[in-house]
Amino acid sequence: MRMTRRALLSIVPAATLSAVAPPQRAWSQAPREATPAEAAEDQATLIGNTVAVLAGTADSNARPEVAAKLAAIASTAKARLAALDGAGSGELFRGLPLGSSDTNLTTSFQYLYEIALATRTPGGAAPGGDTAVQRRVIDGLVRLHDDYYGDQSKGYYGNWFNWEIGISSHLTRTLVLLKDELTAYRPDLTAICVASMDAYLRNGKAGDVDLDSRFHTGANLADITTNRILQGAVLGDEARITKAVADQLTVLATIDPYHLSHNVTDGFYADGSFIQHASVAYTGSYGKGLLTRMVQAIKILEGTGYAQGEDRVGAVREWVVRGFAPLVFEGWMMEIVKGRGVSRATTTGYTDVAEVVEAVVDLSGYAAGADATALKGYVKFVRQNSRATLDPARFLSPVSVARYADILADTGIPAKDLNPAERHVAFNAMDKTVHRRPGYAFALARSSPRISKYEYMNGENLMPWFQGDGAHYLYLSGQDQTLAFGVDYFTAVSPYRLAGVTAPVETRRTVPELYGGLWYDNPERGFTSSSESQNTYVYFPRGAGGLSGGACLGAYGAAGLVQADDVAYAAQQAGTLPDDFVAYRNARATKSWFMLDDEIVVLAAGVGDPAGRAVTTTIDSRVSRVSRVSRVSRVSRVSRVAQPTDTVTLTGRLRDGTPWSGTGTAPLAWLRYADADQDTAVGYVFLDGRRPTVALETVTRSRRAVRVSNPDTMVTKQVFSVSVEQPAGAPLTSMAYALVPNASERQLMAYAGGPVSVLANTARVQAVRHKGLGLIAVNAFAPGHHHAGHVSVDGPASVILREGGDGTVSVAVADPTTERDTVSVVIRGRALRAGSADEGVRVDRVPGGTRIRVATRHAYGRSFTATLRGRRRAEG
């Protein structure tokens, strides 16, 4: 009998959900039947819940822990009223001219909401008297609507998001907060505003959601439907609410790529991946927004007949455990899932996680038993392990602030990570990998014909070209990650020398430099600001390589990538793009990452450029502190030093045993980078005859280099890099090395003739053996038979084999192409039988060994595992 989702959630602890939760294809809501009186009561409850979420309650706001949040609400409202008083011609608020800027119009609606919020906050201090201030807000709504918003022929310029989601979110919340005063003062205004919001829903159908629209998916759909639920409540429109709730429930469905609903690929996948914009790995931005919105929906629907609370809570809890927790390291959201958001403020990694924490705080109040305890324990764990102080005054809801304080004060809840101490997560549905150990986390960004190499949009992330070509981020425990990553990493480190990247030596131009605007504008050829062509070839082009993925065996993992061009270059070569469209050719490489305990072993083959350009393969790039600059003279560009320089030392050994230090090119056996001030170290073991180049330089660059709207703040960093340089015209080559986080010199010296050996390193097959772990890992990239040690693989596949001390053999097999029906692996030697095996795994004896045949059809890169034992004598 197939177990239902609800039954599954009732018996499986949250910590193990990621291993067993099956994908779900669809969610639905039973038709609602309510009397007019019941509907009116539910709508009043919905409005009351929403006001409580936004403004707090008398009980929550009386808590001393909430005082800072209330002060922030009041201070913001006071500043907005001052800007309202000081507005000039063509402005509602000072400094926000209207008529041609959709951003300024959106911000003007936001400011009105923030004033209205202060008038509804129990215990707050709204200036000027609540009724008088509320009527000023309403008058402001009338002016914005009549002069800048209501005329459909003049609106909808700039970014579609502002018209369909941004403005509607602020305006709808304001209508909810001021419902009573609107009834008394301008009873017609609510219906007028809602009608205009419907008319601006131009990517929908007849002023409503269209589940077949590429704009109405994932986080965007959650935003739109939340707005429509609230609009239905203030209008008393039962049908509108019911339809919006049903539409919203569709985002809870786990995406099955082989049975798409409405052709939507946006959402959460069975392996915890999250995708938005059809092909962008986006857990840390849009995924975060979806999490927040769905938890808010649970809160605002509580106690109404519209609620589907039990199903929502279970699904959203899965997102947290499987999708978010692996990507949070000591309170920092990893770069690999933030899209263009990597180019924003330095602290975004910590502030992103603060939003996730607020959602988990609220979610824990709706979970039960061990699940609630696990979520609350995770909140405590993040608080204790983050290098940034989480400020609950920045939470959206005063109620959340009070709940957060209760969790921290509860001595019966232990602080506990939702991740086990050792964890490997293959987010193959979004071409990302996370490998975690006590002391570090390693995050890897890949791409494929399914997943974009990067995201550029709206002048953000201006130099993203190689971010999906095996770029990695090595996070070390105890470090303030703003000093190692965030926008300053992308500002200071050359885009051609991101850690882990193989790139041609050339100079590329950003989109604004190429086309004089924030996008490629050619309407006659289908290129407008939000067209599918713009998305496909400019904003987030996918890779053209056919293999990206890997296997996971317990806490160990392998990943492979065939680096190729993006789809824009392929289309340009095919002659399908306009003549003035610029696309860049990539370098070539076949790469594997074998992620173990103390090291990440990297093999690369076929590295170079068939076009003859020079190529750089950057083994690692790290930044350290020189100065943080607060102000810069635009004329002299002289900066003020605000922090001292970190003490970085570089030591190593040559292959002949000679000690080595400093920078330069040398036949190194190993190298150690150490930052004494940050108390961090990384070792590099060179497993072949390459002569790496070590550099340490001071780089000064403006943050505006990576995002046009960043402040023109100069960043000065020490940039360390270790790389392999291939001159122009050099033949394709191979290389092998290991990254050793937190390594000591003694540990690095032990690698001479030590535990790691390379079994194969070609463009067809790459494999390593770790003697101490009893482990062999293989990535095969081509058709045919491949051999590594006593393992043979038929065709492209990823395989990990580990021999236990008790004579058992554990095996994981995956299809990184996602296109094979079966994968066959032979282990030569003694005959083995299946002790346990996943469904779809068949184990047979063959001459000279044991064959494992795996049915990988429609597995989407998932790993299949088996535990093998020696055959009993009677079977021999």
Side-chain angles (χ1 to χ4, degrees), residues 47-48 50-56 58 61 69-151 154-155 162-163 166-197 200 227 230-231 233-235 396-398:
I47 291 172
T50 304
V51 173
V53 167
L54 300 175
N61 294 6
K69 175 63 180 178
L70 302 186
I73 291 173
S75 175
T76 298
K78 183 177 180 180
R80 303 312 184 220
L81 283 166
L84 184 63
D85 292 334
S89 177
E91 299 176 337
L92 183 63
F93 292 94
R94 182 178 61 247
L96 295 175
L98 300 169
S100 60
S101 170
D102 57 313
T103 301
N104 286 354
L105 182 60
T106 304
T107 304
S108 296
F109 277 105
Q110 174 190 330
Y111 285 7
L112 289 176
Y113 159 71
E114 290 168 342
I115 298 169
L117 176 63
T119 71
R120 294 301 312 274
T121 303
D130 287 352
T131 299
V133 172
Q134 287 178 358
R135 293 197 171 190
R136 290 195 71 185
V137 171
I138 294 169
D139 291 340
L141 291 179
V142 171
R143 183 179 170 201
L144 289 182
H145 184 276
D146 289 352
D147 295 348
Y148 302 104
Y149 181 71
D151 188 339
K154 294 182 180 179
N162 286 325
W163 300 96
I167 291 172
S168 296
S169 296
H170 301 309
L171 177 52
T172 299
R173 288 179 177 181
T174 305
L175 297 178
V176 171
L177 290 170
L178 303 187
K179 181 179 184 298
D180 292 341
E181 192 58 36
L182 280 161
T183 300
Y185 182 53
R186 283 296 303 268
D188 60 330
L189 186 59
T190 295
I192 291 171
C193 288
V194 172
S196 291
M197 287 187 276
Y200 278 119
N227 290 339
L230 297 179
Q231 292 158 11
V234 295
L235 290 174
L396 172 73
S397 176

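Everything quoted here is computed from the prediction, not taken from an experiment.
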Starting at [atom1] of [X], measure out to [atom2] of [Y] and round the result to the nearest 0.5 Å.
X    : Y    : atom1 : atom2 : result
L70  : S75  : CG    : OG    : 12.5 Å
L92  : L112 : CG    : CG    : 5.5 Å
D139 : L84  : CG    : CG    : 9.5 Å
Q231 : R173 : CD    : CZ    : 12.5 Å
I167 : C193 : CD1   : SG    : 11.0 Å
H170 : T106 : NE2   : OG1   : 6.5 Å

Considering non-hydrogen atoms only, spot the tightest contact between [X] and [Y] and give its length.
X    : Y    : value
R143 : E91  : NH1-O, 2.8 Å
Y149 : M197 : OH-CG, 3.3 Å
V53  : P398 : O-CD, 3.8 Å
T174 : A116 : CG2-CB, 4.1 Å
I47  : K179 : CD1-CD, 3.3 Å
S108 : L98  : OG-CD2, 3.6 Å

- Task: For the pair R120 and D180, find out whether any cationic side-chain nitrogen is under 4.0 Å from an anionic carboxylate oxygen.
- Result: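 D180 and R120: not salt-bridged.
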
Just by modelled atom types, is the [Y] backbone N or O under 3.5 Å from a matching donor or acceptor in the [X] side chain?
X    : Y    : result
T172 : S168 : yes
E181 : L178 : no
N61  : K69  : no

- Going through the checks in order, is the side chain to side chain contact (heavy atoms under 4.5 Å, CB included) test met by L175 and V194? CA-CA 9 Å; L175 297 178; V194 172; 4.2 Å; yes

- Query: Among Y200, Y148, F109, whose ring-ring contact (aromatic ring centres under 6.0 Å, His included) with W163 holds?
  - Reply: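 It is Y200; the other options fail the test.
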
Any heavy-atom pair between the side chains of [Y] and [X] that's under 4.5 Å?
X    : Y   : value
V176 : L54 : no
R136 : L81 : yes
L117 : T76 : no

- Query: For S101, which residues count as a side-chain contact (heavy atoms from CB on, under 4.5 Å) partner, sequence neighbours excluded?
  - Reply: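 Residues passing side-chain contact (heavy atoms from CB on, under 4.5 Å) with S101: T103, N104.
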
- Message: Side chains of Q134 and T119: any donor to acceptor distance under 3.5 Å?
- Response: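 Looking only at side-chain atoms, Q134 and T119 do form a donor-acceptor pair, the distance falling under 3.5 Å.
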
